[in-house]
Number of protein chains: 2
Amino acid sequence: MDIYDKKDKFFVAVDCIIFGFDKGKIKLLVFNRKIDPFKGAVSLVGSFVRIGETVSEAAVRILKEFTGLENVYMKELSTYSSVDRDPGYRCISVAQYALIRIDNDIKTLIEERGAKWFDIENIPELVLDHNEMVMDALERIQKIARYEPIGFELLPKKFTIPQLQTLYEAIYRRKLDPRNFRKKILSLDVIIKLHEKDKTGSKKGAFLYKFDYKKYIDLQKSGYNFEI
Amino acid sequence: MDIYDKKDKFFVAVDCIIFGFDKGKIKLLVFNRKIDPFKGAVSLVGSFVRIGETVSEAAVRILKEFTGLENVYMKELSTYSSVDRDPGYRCISVAQYALIRIDNDIKTLIEERGAKWFDIENIPELVLDHNEMVMDALERIQKIARYEPIGFELLPKKFTIPQLQTLYEAIYRRKLDPRNFRKKILSLDVIIKLHEKDKTGSKKGAFLYKFDYKKYIDLQKSGYNFEI
DNA sequence: TCAAAAGTGTTCTCAATACACCCATGA
DNA sequence: TCATGGGTGTATTGAGAACACTTTTGA
């Protein structure tokens, strides 16, 4: 007889809160459940952790199974453990979030599997406590965006300064001054101007930039103040 | 037959990383395990979550059982879920941390139960992955201290500005300018000067202050920049 | 030719930093 | 009387915020 014999055991799940950015809006990745429980309802990407993997490995596996996405760097948000959060079973969920670049490959992958993007200003009713998780994740990224160059992860590899500004405006939910924004971003010295223009946004066209990843990593480490 | 039947179940634990501040040093609360497993080893305060409680309720219960401490506001740090983190059993642990005021009542409570404080510059070998948890928690509080008035939670109800400065110096691990420190703290307008002096630190004595809790809460919400 | 978005500079305010001396008191 | 820590003020620098006009070009 050993102390562990008397202890309770739990189902442990992970739920992935995946944000993207497309057409000036922040999007959330969700899918329609095809099986019970909650068949037909809208849910975050999530499932159960297996005995032989860590929570973080489970998140990677589950995201891949549901959406085909790979190489997504997720961070832990929080655990959700209300006794009645899942009405049928006692299950603790560890929510993980990530910000990803939505490119055409990803669009195709995701559509094939029946997942879809919802504008975060207009998120539908989700199963269980998933709406609460999403709200917490949004709060988290708003907070983090003030101190880390988080926004860059959401943009395509080549992007314009007005696009970057639109992204920050979506995160902060307020308008920013284009002159001050440009000055601040350029002063950080983490983006490199290219000799191409993007003409989809205007007739004049805006210069494309790319990240200087090395400097970007340094900036992340130093905890530089990104408040805009 | 139902999908839950095939899923794995886990032991779920909480480990509490409790920091205090005494004699100019940040301290960590640990205890000597009196029972197996790891009898005699040094460990964080921690135990198993029960089926009928949330992780956070478990943390409160466990902290009270081990130390007698009540009304401690713990925040979630992270989950620790390596497959082999506990060599005997598959157990996921949710680490929670808190900063508390060490007063005489607390000293008595804790000593009675065989828990003790270690200087964080000199933490002993702890069981399992507890050292990793402590390192992660220290990193977290250093980061958070830059944006929230976190340090105040560690001081006695009445404290002097030099004491507060010593605390921030311990968190940041560097010396601060006393004139600039005083100016910054007073400009935040969250401490109230009392008409008493503390003479334990010097012959001249230093004026005692107390918190203005209302303003302190506002400051926490606004995410004011506390970088010093 | 004009509508629509991109791009550019200056001023002002305020907070952070650097820095040196006097004060009060118990031993 | 003197050693010890407490307490004070100023000048400089740099970043953030406010703010309006010119440029480019496809329709």
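Below, read A as the first sequence line, B as the second, and so on, with proteins coming before strands; counting in each chain starts at 1.
In this structure, A:R182 atom CZ and C:dT10 atom P are separated by 16 Å, rounded to whole Å. Atom P of nucleotide C:dG9 and atom CZ of A:F181 are separated by 18 Å, given to the nearest angstrom. A straight line from CG of B:L164 to C1' of D:dG6 spans 15 Å, rounded to a whole angstrom. Atoms NZ (B:K184) and P (C:dC14) sit 15 Å apart, rounded to a whole Å. In this entry the distance linking CD of B:Q163 with C1' of D:dG7 reads 15 Å, nearest Å. Counting to the nearest Å, the C1' atom of D:dG6 and the CG atom of B:L194 are 16 Å from each other. Atom pair B:L186:CG and D:dG7:P shows a separation of 10 Å (rounding to whole Å applied). Distance A:K175 NZ to C:dA5 P: 10 Å, rounded to the nearest Å.
A distance-only check finds no donor-acceptor pair linking the side chain of B:D129 to the backbone of B:E132 [under 3.5 Å].
Using a cut-off of 4.0 Å between Lys/Arg side-chain N and Asp/Glu carboxylate O, B:E111 and B:K107 are scored as not salt-bridged. One finds no salt bridge joining A:D103 and A:R101 here, because no Lys/Arg side-chain nitrogen approaches an Asp/Glu carboxylate oxygen to under 4.0 Å. The residues A:R61 and A:E57 are annotated as not salt-bridged, no charged nitrogen and carboxylate oxygen being separated by less than 4.0 angstrom.
Within residues 154-162 of chain B, no residue has any heavy atom closer than 4.0 Å to DNA chain C.
More than 12 heavy atoms of other residues, nucleotides or ligands sit less than 6.0 Å from atom CD of B:E196. Annotation: B:K158, atom NZ; neighbour count of heavy atoms from other residues, nucleotides and ligands within 6.0 Å does not exceed 12.
Considering all non-hydrogen atoms of both residues, A:P162 and A:R182 come closest at CD-NH2, 4.3 Å.
Take A:Y97 and apply the ring pair (Phe, Tyr, Trp, His ring centres under 6.0 Å) test, not counting sequence neighbours, and it matches no residue.
Ring geometry for A:F66 against A:F31 counts as perpendicular: the plane angle is over 60°, on a 0 to 90° scale with 30° as the lower cut.
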_Contact pattern, 5' to 3', of nucleotides 18-27 of chain C - B, S or - by protein heavy atom under 4.0 Å_ = BBB--BBBB-
